[in-house]
Structures are given as structure tokens and as C-alpha cells.
Protein chains: 2
Amino acid sequence: MRADAKRNRDRIIESAREVFREQGYEASLDEVAKRAGVGAGTLYRHFPARENLVDAIMQTWVDRVAEATDKVLAFEGGERDLLLHWFETYVALISLHKGGPAKITCAMGDPDSPILSKCQVLSDASQRVADLLLERGALRADVDAVQICRLVGGVATVADDATLDASAVRPLLEVVADGLLVPV
Amino acid sequence: MRADAKRNRDRIIESAREVFREQGYEASLDEVAKRAGVGAGTLYRHFPARENLVDAIMQTWVDRVAEATDKVLAFEGGERDLLLHWFETYVALISLHKGGPAKITCAMGDPDSPILSKCQVLSDASQRVADLLLERGALRADVDAVQICRLVGGVATVADDATLDASAVRPLLEVVADGLLVPV
DNA sequence: GGACAATACGGAGACAGTCTCCGTTTAGCA
DNA sequence: TGCTAAACGGAGACTGTCTCCGTATTGTCC
């Protein structure tokens with residue numbers, strides 16, 4: 001890649017991060033281009049679809065997911081608390097931007113999504129948590145990580161739409177957790 | 001209301017029903033106007049926002065919800081089956097159109113939504129089902145109808161986004177049901 | 001360091017959708 | 001029948017997406 005191309009690409013990503021944070025994922029891409037000081041053509045050449053741009057700005061997010069996952073896996077406490085801790089972490093991670101839960105949860109079920117690889121990190125993390133709980137015999141044997149992602153993603157989507165705060169989300173997550181755990 | 005106004009209004013609603021069924025809730029409103037044989041101005045005078053049009057279309061849906069609810073309440077069988085039956089009915093009712101689950105679930109949490117009154121019918125129905133189960137001591141005492149709507153709405157939203165079929169949705173609903181019911 | 005591809009730029013403009021404004025038409029009443 | 005309030009409709013302003021293509025820049029090869 002030519003030096004000027006790389007420079008512009010980086011500036012676009014930086015501007016997008018800024019604009020999306022301010023206005024959400026549906027912000028105008030022309031605005032992003034303008035703020036990056038490039039023409040619309042340049043933006044669309046680098047990122048043919050909005051999702052490609054989203055994908056690019058998600059790299060730092062991926063690192064954050066990995067870090068958070070390790071923290072949850074090191075959690076010392078009961079199985080139910082661990083699962084709930086993961087759920088709350090999960091919701092927090094996908095709710096960083098308005099519209100994030102729907103976008104990410106939707107992408108996980110779409111094999112053609114440009115951000116699929118990024119979302120994979122999340123489902124892998126759920127898998128690791130599920131494996132840990134299965135090992136301890138706390139999780140129902142017939143559930144898989146995909147289902148967990150869908151359930152928690154669904155709760156997060158609704159919470160995002162209705163702008164619920166953590167205290168209103170918690171009981172919903174508890175219901176999901178209780179439905180997933182082996183009855184005591 | 002003048003006769004011509006009423007006539008146009010009805011034609012717009014009829015066209016919208018048709019267009020939305022074909023193209024989803026995000027279809028062009030100019031297209032709706034065109035198909036109704038009226039100008040864009042006429043459409044926007046009758047329905048200032050897209051949601052107002054959606055609201056008008058939903059009247060027959062409301063009747064359908066009421067009917068389905070009565071059927072579920074008359075269900076003879078175990079509590080878990082009854083709850084699951086309600087969940088599946090609920091998901092079916094809000095998933096009649098692509099994007100429906102998100103739209104309806106979102107509207108339930110938005111006091112300013114033009115379709116709020118229509119959605120009320122659904123939460124009232126959930127309340128009735130919940131009351132029945134509470135009476136029989138099958139439902140956890142600390143859950144309310146709003147939470148049920150959020151949980152099932154979340155599942156339906158995810159299912160809609162990922163275009164899951166009923167067999168993939170069922171296990172998710174079972175998790176929610178098991179989390180809501182009193183452990184045996 | 002000059003020349004020449006190859007690569008990239010950028011913005012005008014085509015296109016699509018939303019929504020308004022206002023001159024024209026019509027219903028319904030007296 | 002004539003009048004007026006109500007309603008119509010579509011041109012066009014506005015916003016956002018995305019493409020096309022003439023222009024400019026980069027990096028390489030001699």
C-alpha cells in the first residue's frame with residue numbers, strides 16, 4: 001500500500017471512531033470523509049461498505065474483549081456468579097455504542113458479515129466460559145455457546161433499544177442464567 | 001373528516017399494508033403513496049411519521065393478538081407447556097414482518113412511540129398469562145410481564161435478524177421459560 | 001534525478017428517499 | 001349555485017449513498 005493511501009486510511013478510521021461515538025453507527029459517511037479531510041471517493045475505495053469501516057475500528061475492541069474474557073475466566077466464586085459476571089461483561093462489551101448490540105448479534109448469525117471475524121472473538125469467549133462451567137457440571141449439557149450469545153445478545157439488544165440501565169438488565173440476565181444452569 | 005380525505009386515508013393504509021408486506025417496514029413511503037394513487041403530500045398530511053402509518057396498519061393485528069391470547073389461556077396442559085405455547089405465539093405475532101420484533105419490542109419501552117397503545121395489547125396479554133401461572137404457583141413471584149416481554153422480545157429480535165426457524169428458536173424459549181418457572 | 005507506470009485522490013453528480021410548500025381542486029353547506 | 005374551508009398533489013429542497021473519471025502523487029527503474 002502506498003504511503004499516502006495508508007495515511008488516508010488511518011485518518012478515515014480515526015474520524016469514523018470519533019463520528020460514530022458522537023452520532024452512532026448510522027452517522028453520515030460523507031461527514032466521516034469530510035472530517036478526515038478526504039473525498040468521498042477515497043473513503044468508499046478503502047471501505048466499500050459501512051460495515052468494512054466498522055470492522056476496521058473494531059480492532060481495539062477485540063483486544064478489550066480478550067482482556068475482559070481472561071478476567072472473567074479467572075473469577076473466583078460460584079458458578080452462577082461466574083456466568084452472570086460473564087453476561088454482564090458481554091452486555092457491556094457489545095453496548096459500547098448505541099445500536100451495537102443489534103449490529104453485533106446480527107453479524108454473528110450472518111456468514112457474509114464483514115465484521116464476522118471480529119464477532120467470532122466474542123463467541124469464542126462464550127465458548128470458553130461455557131466449557132469451564134460444563135467441566136464443573138454446572139451448565140446444562142444441551143446448550144451451546146451460540147445459544148448463549150443469542151440469549152444474552154437478545155437481552156442486550158432490548159436493553160439498548162429501551163436504554164435500560166444495568167439494574168434493570170440484571171434480573172433479565174438472571175432468568176437466562178437460571179434457565180441455562182443445572183438446577184441445584 | 002371529508003369523504004375524499006377518508007377515502008385517500010383508507011387507500012394509503014391498504015397500499016402500505018401491501019408494500020410493507022412485500023418490502024418490510026423500511027420500504028419507501030413515496031412508493032406507498034404512488035401505489036395508493038395519491039401525492040406524497042397527501043400521505044404525509046395523514047401520517048406525519050412512518051410510525052403513524054404503521055400504527056394504522058396494526059389494527060387488524062390487535063384483533064389477532066386478542067384472539068390468540070384467548071386461545072393460549074384456554075390451553076389445557078402443564079404450566080411449562082402453557083408458558084412455552086404463549087412464547088411461541090408471542091414470537092409469531094411480532095414476527096409477521098421482517099424487523100417487526102425489534103420495532104415492537106422497542107416501542108414497548110418508548111412512552112412516546114406512536115404504536116405504544118397497540119403494543120400495550122401484547123403486554124396486557126403477557127400479564128394475563130403471567131397471572132394465570134402465578135395463581136397456579138408455577139411462576140417465580142419476582143418476575144413481571146414487562147420482563148417477560150423483554151426476554152421473549154429479545155429472543156424474537158435475534159431470531160428475526162438471523163432468520164432462525166422455529167426449531168432453532170424453541171430451545172432459546174425453553175431456557176427463558178425454565179429461568180422464569182419455579183424449580184420443580 | 002528524470003521519466004513513466006501504477007496507484008490513489010477528490011469532488012461533481014447520479015440516484016434514492018424524506019418531507020414541505022403552495023397553487024389548484026373539491027366537498028359540503030347555506 | 002356559489003362560497004369557503006379542507007384536502008389534494010407534485011415539484012423541488014434537502015440529505016445521504018455511492019460512482020466515475022480527470023487529475024495528482026508515489027515509487028521504481030534506468
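Scope of the values below: all heavy atoms of this structure, side chains included, with no hydrogens, waters or symmetry mates. In what follows, chains are A, B, ... by sequence order, proteins preceding strands, each numbered from 1.
- For the pair A/Asp30 and A/Arg45, nearest-nucleotide mapping onto DNA chain D gives the more 5' position to A/Asp30.
- If you measure from atom CG of B/Leu29 to atom P of C/dC19, you get 7 Å, rounded to the nearest angstrom.
- Here C/dC9 is the nucleotide among D/dA7, C/dT18, C/dC9 with the atom lying nearest to any side-chain atom of A/Thr42.
- Defined by atom type and a distance below 3.5 Å, a donor-acceptor pair is present between the side-chain atoms of B/Asp165 and B/Ser167.
- Comparing C/dC9, D/dT17, C/dT26 by their nearest atom to the side chain of A/His46 picks out C/dC9.
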(message) Please evaluate residues A/Glu22 and A/Arg35 with respect to the criterion salt bridge (charged side-chain N to carboxylate O under 4.0 Å, His left out), reporting the C-alpha separation (whole Å), side-chain torsions for both, the decisive distance (0.1 Å), and the verdict.
(response) CA-CA 13 Å; A/Glu22 284 171 23; A/Arg35 209 179 290 196; 3.1 Å; yes
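- OP1 or OP2 of C/dT18 sits under 4.0 Å from a side-chain N or O of B/Arg50.
- Contact between the side-chain N/O atoms of B/Ser28 and the OP1/OP2 oxygens of C/dT18 is found at a separation under 4.0 Å.
- Nucleic acid contact for A/Ala40: base, since at least one base atom lies under 4.0 Å from a heavy atom of the residue.
- Contact check for B/Leu164 versus A/Arg150: side-chain heavy atoms found under the 4.5 Å cut-off.
- Proximity of B/Asn8 to the phosphate of D/dC8: a side-chain N or O atom is located under 4.0 Å from OP1 or OP2.
- Side-chain to base pairing of B/Arg2 with D/dA6: one donor and one acceptor N or O lie within less than 3.5 Å of each other.
- Across its full length, the helix from C/dG1-D/dC30 to C/dA30-D/dT1 shows an angle of 10° between the axes of its 5 terminal pairs at either end, rounded to 10 degrees.
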